[in-house]
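Keep in mind that the numbers below use all heavy atoms, side chains included, and drop hydrogens, waters and symmetry copies. The structure presented is a predicted model; accordingly, all values stated were derived computationally and were not measured.
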Amino acid sequence: MNHDHRWEGTVASRCLRPELSKQINMIQNQCINCPQCMAQCAFLKQYGTPKTIADAYDPLDNHCLTLAFQCSLCDLCAAVCPVNLTPGALFLEMRREAVDRNAAPLPEHNAMQAYEKRGTSKFFSWYGLSTDCDVVFFPGCTFSGTRMDTTIALYEHLKTHVPGMGIVLDCCCKPSHDLGRDDLFHDMFGEMQSWLVDQGVKSVIVVCPNCYKVLKTYGAPLEVMSIYTFLAKNGLPYPDWKSADDKTDKSVISIHDPCVLRNEGDIQDAVRTLVGIRGFSVAEMSHVRGKTLCCGEGGSVGFVASGLSSTWGKMRQKEAGDRRLLTYCAGCAASLDKITPTDHILDLVFYPEAVADGTRKTSRAPWTYLNRIRLKRYLQKNHPAAVSRERDYLPETASSKPRVGKAKKIILLSLILATIAGIRFSGISEYFDSESLRQGVASLGSLAPLAYILLYSIAPSLFLPGLPITLVGGILFGPFWGVVYSITGATVGASIAFLIARYLARDWIQAKLIGPRWKELDLNVEKNGWKIVAFTRLVPLFPFNLLNYAFGLTPIKFFPFVIASFFCMLPACIAFIVFSSSLVDLLKGNISPGLIIGILLIALVSLIPVIIRKFKR
């Protein structure tokens, strides 16, 4: 086969990873440039055949270096390739090369990295082994968070078959694997695998398809078994719920096979067996089993190319039509359920009535984190272990900076969130309008300042406007104390939103704050630090409440954020408080000096953006 000899004279001499060089050569020499894979994949439709991409690869071109992060790594291209190539291996090696050259992970992947880091932390992890334990249950991060009740029921059921079974609450580190962080992945996964082997564990029963793939590929000598083949072989709980012969009560569903298990026919068969046992019938879609589609979550593509990611879900929705989907990946279930009704197969096993009625509910972030903590506490209380541990391993490939006090921070923020939720649902929020707030705060007497600061502190987290509260501060407390109480409440409120975004609901907030403006903010903060906080406080380019959350996603440290916010919010606070402190006099027909000064201060504050823009030019 002819190929681009320019590549051999330039890129080949640039010290690529040996496996990447091997993959590039293989694709260049064997890919026949047929349209089979391009016809199935939006990524390849946009960038060309694997050979086209391999020929054009230049690690000194940042676009080429990071292009592979738009591939879902689902391997559908390999499933349809007429010459049996595996382009996904090429794209994974391209990701690893980007990491080696410090071009990745991309800033957009911060949320996924943080998710994995939390999963492997001391706070969320727990290993509980019985004496002479040789089998453990590994439910995975997403499943245990979204379906804590099912995880408990499943473990209790498994214990009836394997009484000495242990359990592992941890992350398999598949996110790092797929993001090309090869050294970190092997370091973290290898530590977990070595510990289990040293404790005498021989087999791992998994729920998550990604965990299955990682353990099967890298976990030897550990043997891995899917929970679905285990249940199909050993039986289900509540076997008398429905009979497969009960034709009148059957529901017709379609099955979405997770792409990571496209070559695992035994697991695919087991899932369909479980569906039949529960009295449901399957209407197969055109892309199933070996040629199944990605759900859209594969390879974390949604963080960098949401348009490409969404094409998979739309294809699956079209194929499913009006039928409800079942899948056996919690990530796929969450992703597809946003587009078309989707349940997990284990929902069907344990809650068949709810699935049949379409009423099965699962948890979403940030409540998934709370569920994982509750699950850990349940297991520690009800299944005390002869050997246990919380993983507190800091890999050599990670920063040497110690992780101090994270558990305390999360507990504190959980209490804050609970308080916010209580206020939101208790009806107190109705007092945020000017008249109700004036009456409510005044009736508190000596507690009025504390109540005012508390309400102001909560307002940003509830996305309530701060200006009316600021004006009331001037009316109730006068120009001096009004400024003191208002700036205190505004700063505390901004800090709460910042901490929620950074530690408690980062993934959920990251998914909401998408678009070029927010990406530009992140890059500017990384480059200029607190100066960007100061600038955006003085120049209202972004909504104030969203901005508080957005800064929690950036690299800026907490105290520079608080200090810059305090001083740069102060001018506007003084202006509006001085103005509003004279409003009562105005209502009486008196124009006081304070009112004139307040108007002038507001006009001056309004000119700050103009002055800054002129200064920048």
Side-chain angles (χ1 to χ4, degrees), residues 1-78 81 83 85-110 112-113 175-185 298-309 311 397 516 519-520 522-523 526-527:
M1 290 288 179
N2 293 326
H3 61 271
D4 188 351
H5 292 278
R6 176 191 63 79
W7 183 89
E8 290 185 334
T10 56
V11 179
S13 64
R14 291 176 186 159
C15 301
L16 298 181
R17 294 171 62 91
E19 187 60 31
L20 176 56
S21 295
K22 175 184 174 181
Q23 291 294 331
I24 289 176
N25 284 321
M26 184 184 302
I27 295 294
Q28 286 182 325
N29 290 323
Q30 298 181 32
C31 178
I32 59 177
N33 269 333
C34 75
Q36 293 295 323
C37 56
M38 292 177 62
Q40 303 287 337
C41 174
F43 166 68
L44 294 177
K45 283 179 183 177
Q46 182 169 336
Y47 294 109
T49 64
K51 176 176 170 56
T52 300
I53 295 173
D55 285 343
Y57 182 74
D58 182 352
L60 300 184
D61 182 334
N62 191 67
H63 174 70
C64 289
L65 196 60
T66 60
L67 179 66
F69 290 98
Q70 298 184 48
C71 167
S72 295
L73 302 178
C74 71
D75 280 338
L76 180 58
C77 50
C81 180
V83 293
L85 289 173
T86 55
L90 166 66
F91 300 132
L92 180 57
E93 288 301 326
M94 289 170 63
R95 289 182 172 208
R96 290 170 175 166
E97 183 73 23
V99 171
D100 286 354
R101 293 175 180 266
N102 296 318
L106 305 175
E108 292 86 349
H109 294 139
N110 289 343
M112 183 56 68
Q113 294 178 80
S176 279
H177 176 277
D178 286 358
L179 291 178
R181 305 169 78 196
D182 201 39
D183 291 340
L184 180 62
F185 164 73
S300 299
V301 172
F303 293 103
V304 296
S306 58
L308 292 177
S309 175
T311 59
T397 50
K519 292 181 181 179
E520 184 179 1
D522 184 68
L523 293 174
E526 186 174 3
K527 181 179 179 181

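Taking 4.5 Å as the limit, every side-chain heavy atom of Cys41 sits out of range of all side-chain heavy atoms of Cys77. Taking the side chain as every heavy atom from C-beta outward, Ile24 and Leu16 approach each other to under 4.5 Å.
Of all heavy-atom pairs between Pro105 and Arg181, the closest is CG-CD, 3.6 Å. In plain terms, the two heavy atoms of Ala103 and Leu65 that are nearest each other are CB-CD2, 3.3 Å. Counting all heavy atoms, side chain and backbone alike, Leu90 lies closest to Pro50 at CD2-O, 4.4 Å. When all heavy atoms are compared, the tightest approach of Leu85 to Ile27 is CD1-CD1, 4.1 Å. Between Ala39 and Lys45, the shortest heavy-atom distance links the atoms O-CE, 3.6 Å. Annotation for Gly88 and Leu73: closest pair O-CD2, 3.9 Å, computed over non-hydrogen atoms.
Counting only N and O atoms by type, the side chains of Gln40 and Gln36 include no donor and acceptor under 3.5 Å apart.
Atoms CD and OG, from Gln70 and Ser306 in turn, are 10.5 Å apart once rounded to the nearest 0.5 Å. Note that OH of Tyr57 and CD of Gln28 are 12.5 Å apart. Values are rounded to the nearest 0.5 Å. Taking OG of Ser176 as the reference point, atom CG of Asp183 lies at 10.5 Å (rounded to 0.5 Å). Interatomic distance, CZ of Phe185 versus NE2 of His177, reported as 5.0 Å (0.5 Å rounding).
Taking the six-membered ring where the residue is Trp, Phe69 and His109 present tilted rings, their angle falling between 30° and 60°.
Checked by atom type and distance alone, the side chain of Asn110 pairs as donor or acceptor with a backbone atom of Pro107 at under 3.5 Å. Using modelled atom types, one side-chain atom of Arg95 and one backbone atom of Gly299 make a donor-acceptor pair closer than 3.5 Å.
By the salt bridge (charged side-chain N to carboxylate O under 4.0 Å, His left out) test, Asp100 is found to be paired with Arg17, residues two or more places apart in sequence or in another chain being considered. Residues satisfying the side-chain contact (heavy atoms from CB on, under 4.5 Å) test with Asn33, not counting sequence neighbours, are Cys31, Thr49, Lys51, Thr52. Checked against ring pair (Phe, Tyr, Trp, His ring centres under 6.0 Å), Phe91 has the following partners two or more places apart in sequence or in another chain: Phe43.
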